[in-house]
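Reviewing the structure listed below.
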Protein chains: 2
Amino acid sequence: MDRSLDSIDWHILAELQRDGRLSYNRLARRVNLSAPAVAERVRRLEESGVITGYGARVDATKAGLPLTAFVQLRCALGSCLLKNTTAEEFPEVTEVHKLSGDSCSMLRVRVASMPHLEGLLERLGRHGEMNSHIVLSTQYEGRAVERPADETRPVTGSSGWSR
Amino acid sequence: MDRSLDSIDWHILAELQRDGRLSYNRLARRVNLSAPAVAERVRRLEESGVITGYGARVDATKAGLPLTAFVQLRCALGSCLLKNTTAEEFPEVTEVHKLSGDSCSMLRVRVASMPHLEGLLERLGRHGEMNSHIVLSTQYEGRAVERPADETRPVTGSSGWSR
DNA sequence: GTTGAAACACTGTTCGT
DNA sequence: ACGAACAGTGTTTCAAC
């Protein structure tokens with residue numbers, strides 16, 4: 001059941017990520033399969049959890065939330081954000097990642113205005129040392145999950161440390 | 001045409017972000033409107049660019065790309081990543097943001113394995129000073145674009161600096 | 001995995017309020 | 001301008017090969 005994806009699966013994933021409303025008919029034509037066959041593959045991708053759902057893509061800026069920032073948080077002892085708050089308290093926080101390295105987490109936030117960001121950072125700052133980075137512009141985003149190139153990419157060896 | 005979104009629009013956006021395959025019939029029922037009325041609103045949201053499309057959500061880990069990292073890049077003069085490379089050369093890079101502050105850009109990357117990441121960072125490192133943060137786990141992600149709370153959030157004043 | 005058929009559901013339009 | 005019904009079309013899903 002955890003068998004890897006073949007190239008037709010990747011083709012299906014690419015098409016569905018580009019247009020999640022494709023019918024099995026059209027999708028089947030694009031991947032050169034019949035509708036029932038493609039329906040069965042999609043069903044398997046959904047049940048195995050590779051496809052988690054379908055959603056509309058919304059332009060946050062056009063919707064009135066033009067500001068994005070990344071916030072690195074180094075949690076203070078006993079006031080870790082993850083253990084002391086909920087997602088509902090911080091609707092501006094769109095992502096929370098635990099990190100290796102000197103900050104324990106990386107937050108992504110989205111706000112309507114600079115005062116809004118200022119207030120948010122003040123509320124976040126109570127939970128530890130903060131390092132915020134305002135996004136001036138987003139050059140590239142929303143790339144589809146693609147099949148990784150299976151070519152082995154050799155890393156330059158450090159001759160002085162190899163034996 | 002750039003008129004702001006009312007609460008029904010936000011309700012529609014919430015439903016469509018949760019399930020992009022909702023028919024106008026079901027959607028209309030959920031927002032207490034008729035199908036033609038809701039179809040017209042969705043059409044406007046699409047044409048005004050608030051809704052940019054519909055797509056399948058794919059679990060990158062389940063698809064064989066379990067590693068994510070953030071990379072802050074401080075471009076070296078004359079070898080800025082954005083001006084000297086293309087998206088095709090770096091399929092692992094899923095986002096590129098220009099930043100304020102000491103690093104000129106924040107990259108988000110997604111790879112299949114640690115050697116894969118190592119090779120990628122070596123290739124990226126040629127374009128400037130790098131600061132990478134490996135994501136250990138993602139606690140929260142994919143939050144829908146929501147209506148911002150319009151309550152003004154007053155920021156604590158700094159009494160010593162106000163007049 | 002493919003083809004064909006039948007039932008179903010959806011969309012877009014038209015009309016009435 | 002909104003809501004309701006109708007007709008046409010496209011889709012899904014089953015069967016058999």
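A salt bridge links B/R41 to B/D9: at least one charged side-chain nitrogen sits closer than 4.0 Å to a carboxylate oxygen. Using a 4.0 Å cut-off between a side-chain N of Lys or Arg and a carboxylate O of Asp or Glu, B/E15 and B/R18 qualify as a salt bridge.
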Nucleotide-resolved protein contact map, nucleotides 1-17 of chain C, B/S/- at heavy-atom distance under 4.0 Å:
SBB------SBSB----
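Note: the hydrophobic cluster containing A/F70 does not contain B/M130 (ILVMFWY, side chain heavy atoms under 4.5 Å, direct or indirect links). Linking Ile, Leu, Val, Met, Phe, Trp and Tyr whenever their side-chain heavy atoms come within less than 4.5 Å leaves A/V135 and B/V145 in two separate clusters. B/V109 and B/M106 fall into different hydrophobic clusters, where Ile, Leu, Val, Met, Phe, Trp and Tyr residues are linked whenever their side-chain heavy atoms come under 4.5 Å apart, directly or through other members. With hydrophobic clusters built from ILVMFWY side chains whose heavy atoms lie under 4.5 angstrom apart, A/L136 does not share a cluster with B/L99.
Between the side chains of B/H97 and A/T138, at least one donor N or O lies within less than 3.5 Å of an accepting N or O.
For DNA chain D, each stem of at least three Watson-Crick or G-U pairs (distances under 3.5 Å) is given as range with range: C:2-17 with D:1-16.
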